[in-house]
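Here is how names work: the chains are called A, B, and so on, in the same order as the sequence lines, proteins then strands, and each is numbered from 1. What you see is a predicted model; the values in this text were computed from it and never measured.
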Number of protein chains: 2
Amino acid sequence: MSGNWRPPSSTDVARAAGVSQSAVSRAFTPGARIAEATRARILEAAQALGYRPNLLPKILQTNRSGIVAVVVGGFYNPYFAMTLEAFSKALTAAGLQMMLVRVESDRILDGVVDQLAGYRVDAVVSALALTSQAAADQLSKLRIPIVTLNSDLAGDWIRSVSSDNFAAGEAAARLLRERGGTRFGFVAGPADSPAQVAREAGFAHGLATLGLPPATRAGGGYDYASGEQAARDLFSGAERPDALFCANDLAAFGVIDVLREDFGLSAPGDVLVVGFDNLDMAAWAPYRLTSFDQDVDAHVAVAMELLDLEAGATCVARTVPSRLVERESTRRG
Amino acid sequence: MSGNWRPPSSTDVARAAGVSQSAVSRAFTPGARIAEATRARILEAAQALGYRPNLLPKILQTNRSGIVAVVVGGFYNPYFAMTLEAFSKALTAAGLQMMLVRVESDRILDGVVDQLAGYRVDAVVSALALTSQAAADQLSKLRIPIVTLNSDLAGDWIRSVSSDNFAAGEAAARLLRERGGTRFGFVAGPADSPAQVAREAGFAHGLATLGLPPATRAGGGYDYASGEQAARDLFSGAERPDALFCANDLAAFGVIDVLREDFGLSAPGDVLVVGFDNLDMAAWAPYRLTSFDQDVDAHVAVAMELLDLEAGATCVARTVPSRLVERESTRRG
DNA sequence: ATGGCGAGTGAATAGCTATGCACACATTCG
DNA sequence: CGAATGTGTGCATAGCTATTCACTCGCCAT
């Protein structure tokens, strides 16, 4: 019997209140012309029936769902939590809802495009390290704006907002040099991440510009375990580095812990360490990690701005400066 | 000109392929009766136009959106990230989409109900510490199933799944006692969290059952800073505890860091510490924290199961056992 | 030869809301 | 007092898809 139950419709309310369906609609539309008495009677009937206007017909007509899809690859990195939090606030403030899509790989994103297009999402935000070009093209064809974070996609209807990863890499080189570093190491993120690539390139360029020897290299992931492994690799050899730039904080934590536990080394006592993301944890006592703050709020603000650029079918790329937050891990003595 | 652009509809495809709209619909409906040749011609035309079936009309008729709303209070706690990740996987596997809603307070949840109801979400999952009874009632009225996590809501169409918080509190008391604790302390979470209340009550009951003195108490939040403050409060007095049960891991980390930095105390050397949630970080070298694992996957599996209980208008509450993961922080000597 | 049958297709419709248009009525102004 | 203005309401429709119903056309069996 409850199998064919339906939520009350505006027609049901109209019948209950003895008015037409359009009157009900007007009662729920701010600024619509309706007598206050009628309106009150309708709201009363609606309340009694538990009526809520169905948003779908409106969407069907206007093709504006009020939904923005946010695509992420996983949540293990607190940086994504920060991004999600900021986006959530911004979207709510703009009266939009967030559809959260988690994809294992970019191949699967292609499959998800059908769904997103089917729900007529107003826009897609991709926090994926690597966003599928094919998927982006499909969305472009449907004129669904897409904003990528720290990616390097190109094409119509595609906007991107990134940190100044290259410049930050250079800045890291300068800082480590100033603080007394002589043998440099780089703890890498995943090779397919454009941010990782830019940070490493900037670091290398910074070292070269200062006339310093290139950095030894280890790692290959944005996670804690990658950092652990990188530290073991870098410090098992004879020529141990004394200044490290890590592709992100999570890896830096792994590095610092292994240095302390396995090698009895401390930061900054024996090794200078710089991270990236400025997670909350970077300020915690065991780490006090110098790190580049990506200014998530600014990223999101720019992203929201780019989403609003309805007309712009041209490719837009914006860069948000990151801010160096120096803590104990680079203060020697 | 692009102001009134509309994505291609099935009618557009039909025109292009020289068939009727129903044929197009059939071409995209698995198992529908259509000649293979026609189907191929339609798919070709659809491909050329970039057609994707609009899901909204179907939703309008069936009242099944394929969307589940997940309501959270924030993302600062990695525990929510774990939950979100697990839910995301489970929903994807079930062919559902996740609408993520972040609310500042439960009052705002009331306002959000209109939206959720308007989108005709199939169900609501609330990971809120405190879920508004009023909001839940509204959803019940619309026959939208609601599942709360670690909450103690009651009513029709409301299901809840919780950890065995009370039992875990008792277990914590037994463990700390066995490991040599004599003066006990409890680092509390927020007072309005049912999980916090149950954990504290279980701990108190456990201590009493063992004939031990009651625990001193500090804290009042699930975050790191709360833990820091709690440690300062608990260890500034003359009678310092030597065994702590923390309402969650994040607070426990704050406790451990302050003990080490400000008081020169170590866990487990000077103080035994038990946390709750078993975050990834609990295994990290500076902490090696004994913690109760809430088994997020099991929580989510049960939640998904409860969502499927379409018929059940009765209130269902399920408990998932948490698993004690013992690490160095409670191993003395 | 003819009734029956299955496959393939088109026409029509349900589902719900917002809104343009038309109409009825009241009020005000010349 | 007639006209004009304004207010409040109902009618009809668009928006898109899945699905039911009806129809046609081969084909087989009787």
Engineer: The side chain of A:Ser25 lies closest to which of these nucleotides: C:dC16, C:dA18, D:dT17?
Structural biologist: C:dA18
Engineer: Look at the side chain of B:Ala35 and decide which nucleotide, out of C:dC16, C:dA11, C:dG8, has an atom nearest to it.
Structural biologist: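 Among C:dC16, C:dA11, C:dG8, the one nearest the side chain of B:Ala35 is C:dG8.
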Engineer: Just how far, in rounded Å, is P of C:dA7 from CD of B:Glu36?
Structural biologist: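 Result: 15 Å.
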Engineer: Could you tell me the separation between the OH atom of B:Tyr119 and the C1' atom of C:dC16, rounded to a whole number of Å?
Structural biologist: 16 Å
Engineer: Starting at atom CG of A:Leu60, determine the distance to atom C1' of D:dC16, rounded to an integer number of angstrom.
Structural biologist: 5 Å
Engineer: Answer with base, sugar-phosphate or nothing: what part of the nucleic acid does A:Val24 contact at a heavy-atom distance below 4.0 Å?
Structural biologist: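 It contacts nothing in the nucleic acid.
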Engineer: Kindly determine whether A:Ser9 and A:Asn54 satisfy side chain to side chain contact (heavy atoms under 4.5 Å, CB included), including the steps that lead there.
Structural biologist: CA-CA 8 Å; A:Ser9 72; A:Asn54 190 339; over 6 Å; no
Engineer: Could you check whether B:Thr62 gets within reach of a base, just the sugar-phosphate, or nothing at all, counting any heavy atom under 4.0 Å?
Structural biologist: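 Answer is nothing: B:Thr62 stays at 4.0 Å or more from every strand.
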Engineer: When the distance from NZ of A:Lys58 to C1' of D:dG15 is rounded to whole Å, what number comes out?
Structural biologist: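 Checked: the NZ to C1' distance equals 13 Å.
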Engineer: Rounded to whole angstrom units, what separation is found between the CD1 atom of A:Ile59 and the C1' atom of D:dA14?
Structural biologist: 16 Å
Engineer: What's the CD1-P distance between A:Ile34 and D:dT7, to the nearest Å?
Structural biologist: 15 Å
Engineer: It should be established whether B:Thr38 places a side-chain nitrogen or oxygen under 4.0 Å from OP1 or OP2 of nucleotide C:dT9.
Structural biologist: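 Yes, B:Thr38 has a side-chain N/O under 4.0 Å of OP1/OP2 on C:dT9.
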Engineer: So how far off straight is the helix from C:dA1-D:dT30 to C:dG30-D:dC1, going by the axes through five pairs at either end, to 10°?
Structural biologist: 50°
Engineer: Hey, does the side chain of B:Tyr51 come within less than 4.0 Å of D:dC16's phosphate (OP1/OP2), counting only N and O?
Structural biologist: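 No, because none of the side-chain N or O atoms of B:Tyr51 sits under 4.0 Å from OP1 or OP2 of D:dC16.
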Engineer: If the cut-off is 4.0 Å, is A:Ser22 near the phosphate of D:dG10, judged by side-chain N/O to OP1 or OP2?
Structural biologist: no
Engineer: List the atom pairs, with distances to 0.1 Å, where a side-chain N or O of residues 29-44 of chain B and a protein N or O form a donor-acceptor pair under 3.5 Å, not counting sequence neighbours.
Structural biologist:
unit_1  : atom_1 : unit_2  : atom_2 : d
B:Thr29 : OG1    : B:Ser25 : O      : 2.7
B:Arg39 : NH1    : B:Ala27 : O      : 2.8
B:Arg41 : NE     : B:Ala17 : O      : 3.3

Engineer: Side-chain N or O of B:Arg33 less than 4.0 angstrom from OP1 or OP2 on C:dA7?
Structural biologist: yes
Engineer: Side chain of B:Arg39, base of C:dG8: donor and acceptor closer than 3.5 Å?
Structural biologist: no
Engineer: Output the single nucleotide from C:dT17, D:dG10, C:dG10 whose closest atom is nearest the side chain of A:Val19.
Structural biologist: D:dG10
Engineer: How long is the line joining CZ of A:Arg15 and P of C:dC16, in whole Å?
Structural biologist: 11 Å
Engineer: Can you tell me the distance, in whole Å, between the CZ atom of A:Arg120 and the C1' atom of D:dT17?
Structural biologist: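 So the CZ-C1' distance, A:Arg120 to D:dT17, works out to 11 Å.
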